[in-house]
Every structure is written in C-alpha cells, then in structure tokens.
Amino acid sequence: MNETLKWTLIGTGIGLAAVALAVLAAMLRNALLRRQGRYSQVKVGGLLRKFASIRRFKVLSGLKLKNGDTVVEIDQALIGFFGIMLLKTCNETGSVYGEYRDKQWAAVITDKHNNDRKTTFPNPVQAVEKCNEALRKLLAAHNLYKIQSEAYVVFADPKSQLTNAKKKKGMPLLTLRQLKRLLEKEKYSADGPVDVEEIARLLQENSVD
C-alpha cells in the first residue's frame, strides 16, 4: 500500500472514531439529563445564553416573584431591547394532551408492546401565564408600563409530541426548534427602548428566596 494512502486511511479512521465518540458522549449526556429531569431546562438555557451573548441581552433562571399571596417560579427569562420573554420548560415526553382550562395535562408514552404509560402534570400554560401576571404587577409597581412581555411553554425534548395539545388555538407551546425559529424574527434583534441591565437588576432584586 502506498504510504500516502496508508496515512489517509488512518486519518479517516481516526476522524470517524472521534465523530462516533462525540455522538456517543452526546447521547450519554442527554440520557443523564433526562434521568435528572433537566433536559429541557439545560437545552433551552443553552440556546438562550448563546442568543443573548452576542446581543448584550440577559438570561435569568429560577426567578421567584410574588403574585399576591403566592410565589411563582420563572424557569427562564430572556431580557432584550424588545422586552421580556418568559419561558417555562417541560421535560415530559411522549404524546402531550391538554387544553387551556384543564388543571392537569397528560403525557402518554407507548412502549414496544403497545402498552401506554400515562403521567400527569400541572397545566404549564396556566403556570407561565401566572408568571407573566406577576411580572406585569412588578413592572407596574415601578411605573414601567410600556415594556412588552410574552410567555411560552417549551417542550425541548424531541421525544415530546405536541400535536394533540397544539390543536387548540392560542396555545403558546413550542419545541426547541420552534423557539430557535421564533428568536430568528427581526423584532428580537432590533434596537428598542428597554434598558436591559436595569430590568435584569429589578427582577433579581425582587426575586424571593
């Protein structure tokens, strides 16, 4: 075998092995995140931080705001010149069922023997709307009425199927890919009136333990 061809084959083999190891490492990491119930949180947080880092935006996680006599937890908040985007991340997989008025939603996983396993969880749309309500009250208390806010629920795991829930109109449900496409819209990168540092500081200072 010619020496050049030999080293070319060796190099190709090493490259393929490196790719295979990288894919395996990613699969193992994703499996660990799923077991820990952190898959969506980590994936959404990573996407938001990457988006924010080149735009001088802020990403805050785990904020807790008072809403009357209760406290709501905001999984992720993206603060930019456009305003504030609140995100609730969900780790449920399988076919997701739910309507706006339901207190509980369901996720159904069908195994290889065609048996269904059903889990229920609190309505995430109502939860993120309560977060937005608490945010609006906080902004109003500081005379910040013109700052736009919006709220979404993100099922980042590709094993989540939202078809059944998204049939209902007006449901602010997103996959990770849909969130990425949403952030590509011009309004999220355009200049605006929001003082990002000021709003981030206000949210952090009013987050309760």
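Taken from CD in Glu92 to CD1 in Ile109, the straight-line distance is 9.5 Å, to the nearest 0.5 Å. A distance of 8.5 Å separates OG1 in Thr110 from CG in Asn115, rounded to the nearest 0.5 Å. Rounding to the nearest 0.5 Å gives a distance of 8.5 Å between CD1 of Ile79 and NZ of Lys58. To the nearest 0.5 Å, atoms CG (Asn91) and OG (Ser160) are separated by 8.0 Å. With rounding to the nearest 0.5 Å, the separation of CG in Leu174 from NZ in Lys88 is 14.5 Å. To the nearest 0.5 Å, the span separating CD on Gln76 from CG on Leu179 amounts to 10.0 Å.
Closest approach of Ala156 and Ser40 over heavy atoms only: N-OG, 3.1 Å. The shortest non-hydrogen separation linking Tyr39 to Pro158 is OH-CD, 3.5 Å. Nearest approach of Val71 to Lys64, heavy atoms of both residues: CG1-CB, 3.8 Å. Closest heavy-atom contact between Thr93 and Ala107: O-CB, 3.4 Å. Counting all heavy atoms, side chain and backbone alike, Glu150 lies closest to Asn132 at N-OD1, 4.5 Å. Val153 and Cys90 make their closest contact through CG1-SG, 3.6 Å (heavy atoms, listed as atom of the first residue, atom of the second, distance).
Contacts of Lys137 classified as salt bridge (Lys or Arg N to Asp or Glu O under 4.0 Å), with partners at least two apart in sequence or in another chain: Glu133.
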Next item on the list: Could you go through the side chain to side chain contact (heavy atoms under 4.5 Å, CB included) check for Met85 and Tyr152 one step at a time?
Entry: CA-CA 8 Å; Met85 178 187 288; Tyr152 298 95; 4.0 Å; yes
Checklist line | Lys103 and Asn123: CA distance, side-chain angles, deciding distance, side chain to side chain contact (heavy atoms under 4.5 Å, CB included) verdict | finding: CA-CA 5 Å; Lys103 289 185 177 180; Asn123 184 328; 5.8 Å; no
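Aromatic ring pairs are classed by plane angle as parallel below 30°, tilted from 30° to 60° and perpendicular above 60°; the pair Phe155 and Trp105 is parallel.
Counting non-hydrogen atoms of other residues, nucleotides and ligands closer than 6.0 Å to CD of Gln104 gives a total above 12. For Arg55, the CZ atom counts as densely surrounded, since its 6.0 Å shell holds more than 12 non-hydrogen atoms of other residues, nucleotides or ligands.
No path of Ile, Leu, Val, Met, Phe, Trp and Tyr side chains, each step under 4.5 Å between heavy atoms, connects Val96 with Val108, placing them in separate hydrophobic clusters. Leu135 and Val196 fall within a single hydrophobic cluster, where Ile, Leu, Val, Met, Phe, Trp and Tyr are joined by side-chain heavy atoms under 4.5 Å apart, directly or via other members. Cluster membership check: Leu139 shares its hydrophobic cluster with Leu63, using side-chain heavy-atom separations under 4.5 Å among Ile, Leu, Val, Met, Phe, Trp and Tyr. Hydrophobic clustering keeps Met171 apart from Tyr97 (ILVMFWY residues linked when any side-chain heavy atoms are closer than 4.5 Å, directly or through intermediates).
Judged purely by atom type and a 3.5 angstrom limit, Asn67 has no side-chain atom pairing as donor or acceptor with the backbone of Val72.
Proximity of Ile74 to Leu87: side-chain heavy atoms (C-beta onward) are nowhere separated by under 4.5 Å. Under the 4.5 Å side-chain criterion, counting only non-hydrogen atoms from C-beta, Leu138 is in contact with Leu65. In this structure, Leu86 and Leu78 have side chains that are not in contact, with every pair of non-hydrogen atoms separated by 4.5 Å or more. With contacts defined as side-chain heavy-atom distances shorter than 4.5 Å, the pair Leu144/Ile199 qualifies. Contact check for Ser61 versus Asp75: no side-chain heavy atoms found under the 4.5 Å cut-off.
Residues Ser95 and Gln161 have side chains that never bring a donor and an acceptor to within less than 3.5 angstrom of each other.
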Report, one line per pair, each donor and acceptor closer than 3.5 Å where one atom sits in a side chain of residues 44-53; sequence neighbours left out.
{"residue": "Ser53", "atom": "OG", "partner": "Arg49", "partner atom": "O", "Å": "3.4"}
{"residue": "Ser53", "atom": "OG", "partner": "Lys50", "partner atom": "O", "Å": "2.9"}

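Listed by first and then second residue, the side chain to side chain donor-acceptor pair (under 3.5 Å) pairs involving residues 198-209 amount to none (not counting sequence neighbours).
Within the 6.0 Å centre-distance limit, the rings of Phe57 and Phe81 are counted as a close aromatic pair.
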